[in-house]
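Sequential numbering from 1 along the given sequence is applied to the chain's residues.
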Amino acid sequence: MGQSTVIRPGGESQPLPCSAGVRFLSALKGGVSTEETDEQAGLLPAPPRTSGGYRDYPEQAATRLSFVRDAQAAGLTLSEIRSVLALRDSGQAPCAQVSTLIDQHVADIEHRMTELREARTALRELAHRAAVTDPDTCTDGDICTILTRPVGSQSAK
């Protein structure tokens, strides 16, 4: 067991004996207090408490937290990560579920990229229209002819 420093409310610091797992978690996330958020989100099981009321994270918490961070970096939601962890905690390998989630995220990204390309095309058309629009030709009844569709064009989707 090594030692770590805990900052108590009011700014008082106190040395705290802790496991390598806690030291790793502290280094990984910048402080022990952020693990409480992961506990509340159902990503880390609540650790046992010391007689002083401090969380005493076991070594495997570092592996779990590292997995959570990697899964978040891959784009998985907290709900999806919880479901993967639940499978693993029940003794099942979550590989098939993770593969399905990845495929869904790739499909979502491809769909969003298509939408973004369409939006870019529409904005380029508006930029061209803006470049050739003479503000002196706008009437009091026009709000902005750059954004107003010309009569006879298709309506918005």
Legend entry - Residue pair Thr121 / Arg124, side-chain heavy-atom distance below 4.5 Å: no
Inset, instruction - State whether the side chain of Arg49 and the backbone N or O of Tyr54 hold a donor-acceptor pair below 3.5 Å, judged by distance alone. - result: no
Legend entry - Cluster overlap Val68 with Ile102, hydrophobic side-chain contacts below 4.5 Å: yes
Legend entry - Whether over 12 other heavy atoms sit under 6.0 Å from Leu116 CG: yes
Legend entry - Exercise: identify the closest heavy-atom pair between Ala93 and Arg88: CA-NH2, 3.6 Å
Inset, instruction - Would you mind checking if Arg82 and Asp89 are paired as a salt bridge, meaning a charged N to carboxylate O distance below 4.0 Å? - result: no
Legend entry - Atom pair CD/OG1 of Gln60 and Thr63 - distance to nearest 0.5 Å: 7.5 Å
Inset, instruction - Please answer whether the main-chain N or O of Ala62 pairs with a side-chain N or O of Ser66 as donor and acceptor at a distance below 3.5 Å. - result: no
Inset, instruction - Side-chain contact test, heavy atoms from C-beta onward, threshold under 4.5 Å: evaluate it for Val84 versus Leu101 and give yes or no. - result: yes
Inset, instruction - Return the minimal non-hydrogen interatomic distance between Thr148 and Cys144, and the atom names on each side. - result: OG1-O, 2.7 Å
Inset, instruction - Answer yes if Leu76 and Ile109 sit in the same cluster of Ile, Leu, Val, Met, Phe, Trp and Tyr residues linked by side chain heavy atoms under 4.5 Å apart, and no otherwise. - result: no
Inset, instruction - Look at the side-chain heavy atoms of Ile, Leu, Val, Met, Phe, Trp and Tyr, link any pair under 4.5 Å apart, and say whether Leu85 and Val98 land in one connected group. - result: yes
Inset, instruction - Look only at the side chain of Thr100 and the backbone of Ala96, and say whether a donor-acceptor pair between them is shorter than 3.5 Å. - result: yes
Inset, instruction - Kindly work out whether a path of hydrophobic side-chain contacts (I/L/V/M/F/W/Y, heavy atoms less than 4.5 Å apart) joins Met113 to Val106. - result: no
Inset, instruction - State, with a plain yes or no, whether a side-chain heavy atom of Leu147 is found less than 4.5 Å away from one of Arg129. - result: no
Legend entry - Glu80 and His105, any side-chain heavy atoms less than 4.5 Å apart: yes
Inset, instruction - Answer yes or no: is there a donor N or O on one side and an acceptor on the other, between the side chain of Thr114 and the main chain of Glu110, under 3.5 Å? - result: yes
